[in-house]
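Heads up, the thing below is written out as structure tokens.
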Amino acid sequence: MSHDTSPGHVKKRIVLHFPGFEPLDATKHQARYQRSALKTARLQDFAVKVGPVQTEGSSRYFDVDSEGPDWQTNSRVYIFDHDDLVKHLSNRPTLIRMAGGFRSAARVIWEGGALGYFRHAWRFGLFFVFPFLLVAIGLALSVALGTAPYWLAMESWLLLVSGMLAYLAFFKFFLPWSERWHTLHLFDDWELAVAVASMEKPYFKQWVEDRLASVRAAMSEPADEYVISSHSMGSSIAAQVVGALVEREANLFEGKRVVFVTLGGAILQCALLRCADVLRARVGAIARVRDIFWFDVQCLTDAINFYRCQVVALTGHHNAPQPPIVFIRVKHMLSPDRYRRIKRDFLRVHRQYVLDADVRAPFDFTMMTAGPLPAASFADPA
């Protein structure tokens, strides 16, 4: 694992970004990136222009031109979103989504994932339990309401009325109310997490295979450096895709300055499941590639990451190079008013890794992907 922080500005950069589990396609990711980049440019005092999304074969990318007093950088940002998988899961009927979520939760427990979460990052364990416990309580209360005439020894015909009330209470009141915590979205998230870990679902296996050609093409473009960035669930997906290329075409990375940045390190969400043999092997394979420098960005106030956990070691590769951990503080990146508005929304805090800051901070996603400094320099924020 090389660590090149040599002086000199990056003139040409290729970014391969694997976003987290969000209902956003490449166009929406570009819009978010543009909003953040413009704010960062004003804060950091440089000019930036973010181009529109372009399609070339199955690849989708946009160009970012940045310029400061004594530097000029062009970055081409490839977006490897899995919006199609998110829509595949979220467009199903509610009952099917609920059944799939509870089935996935049971699988996570059976595969030892839940025990691993509480052992290594108890807050992530609570994040796992939360949506299923919340919906289970709602279901229990609705069943109690629906059967109330029976256990209160009331007239049996009242069961029809109580059943209708129970249905309305759960589907028309409780579920809409619970969506403030993105409950069904998290049900879908855990269903995909099991698919990513097990590699048993044909739709995900095909998704990985379909992305290999796009990654290969992006890595074949001439550039000063190649940044593979991933956020949340996207880190496990990136490990599957990049790891597959390392296994099949290790020479693709030779002689290149490649930086793998995992944001909100959640690879262990999938990798701690016993069935994730392929994922764990690919994590080790990536860590051992000399030309790939990997670092992990974590945050104490983000409940959806494995804070202070060494991902490579915990996937069984104690003798492989361990990615250094960069710690950020969301509170120190935002204005007091903005932090106060978001601090109780755990998914919003979790997204901050890829969003703009209000003050100049040691780590900034826009500066890392569009600025003049080598991406590896952000592994030494001090």
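One-based numbering along the sequence shown. It should be emphasised that the depicted structure is a prediction, and the values quoted were computed from it without experimental measurement.
- The closest donor-acceptor contact from the side chain of Arg76 to the backbone of Asp63 lies at 3.5 Å or more, if one exists at all.
- Taking all atoms of both residues into account, the shortest heavy-atom contact from Leu314 to Cys309 is CD1-CB, 3.8 Å.
- Each of Val15, Ile228, Ile14, Val215 was checked for a side-chain contact (heavy atoms from CB on, under 4.5 Å) with Tyr78, and the lone residue meeting it is Ile14.
- One finds a salt bridge joining Arg248 and Glu209 here, because a Lys/Arg side-chain nitrogen approaches an Asp/Glu carboxylate oxygen to under 4.0 Å.
- Between Tyr203 and His88, a ring centre-to-centre spacing shorter than 6.0 Å is recorded.
- When the side chain to side chain donor-acceptor pair (under 3.5 Å) test is applied to Trp157, no partner is found at least two apart in sequence or on another chain.
- Evaluation of the side chain to side chain donor-acceptor pair (under 3.5 Å) rule for Thr55 yields no partner, not counting sequence neighbours.
- Asp296 and Thr262 form a side-chain donor-acceptor contact under 3.5 Å, judged by distance and modelled atom types alone.
- Of the inter-residue distances, the one linking Arg360 atom CZ with Thr40 atom OG1 reads 11.0 Å to the nearest 0.5 angstrom.
- Under the ring pair (Phe, Tyr, Trp, His ring centres under 6.0 Å) rule, Phe124 has a single partner from Phe118, Phe306, Phe130, Phe346, which is Phe306.
- In this structure, Glu179 contributes its side chain and Leu184 its backbone to a donor-acceptor pair below 3.5 Å.
- For the residue pair Ser58/Ser214, the side-chain donor-acceptor check at 3.5 Å is satisfied.
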Solution key, residues 325-336 side-chain donor-acceptor pairs under 3.5 Å, sequence neighbours excluded:
residue : atom : partner : partner atom : Å
Ser335  : OG   : Arg338  : N            : 3.2
Ser335  : OG   : Asp358  : OD2          : 3.3

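- The number of heavy atoms from other shown groups lying within 6.0 Å of CZ (Phe171) is above 12.
- Between the Arg282 side chain and the Leu279 main chain, no donor and acceptor come within less than 3.5 Å of each other.
- Rounding to the nearest 0.5 angstrom, the gap separating the CG atom in Asp188 from the CG atom in Asn91 is 9.5 Å.
- Aromatic rings from His231 and His17 are positioned such that their centres are separated by 6.0 Å or more.
- Ser75 and Arg13 share a donor-acceptor pair across their side chains, judged by distance under 3.5 Å alone.
- Residue His120 is tested with Leu115, Leu268, Leu272 for a side-chain contact (heavy atoms from CB on, under 4.5 Å); the sole match is Leu272.
- Neither side chain, Ser90 nor His185, offers a donor N or O lying under 3.5 Å from an acceptor on the other.
- Under the 3.5 Å distance criterion, the side-chain polar atoms of Gln269 are left unmatched by any main-chain donor or acceptor of Ala197.
- Remark: side-chain polar atoms of Arg280 are paired, donor with acceptor, to backbone N or O of Leu273 under 3.5 angstrom.
- In this model, no donor atom of one side chain and acceptor atom of the other lie less than 3.5 Å apart for Tyr307 and Asp302.
- Inter-residue side-chain proximity for Trp207 and Ile237 is flagged as met; some heavy-atom pair is nearer than 4.5 Å.
- No single ILVMFWY cluster, assembled from side-chain heavy atoms under 4.5 Å apart, contains both Val143 and Leu160.
- The aromatic ring centres of Phe46 and Trp71 sit less than 6.0 Å apart.
- How far CD of Gln298 is from CZ of Arg308: 8.5 Å, rounded to the nearest 0.5 Å.
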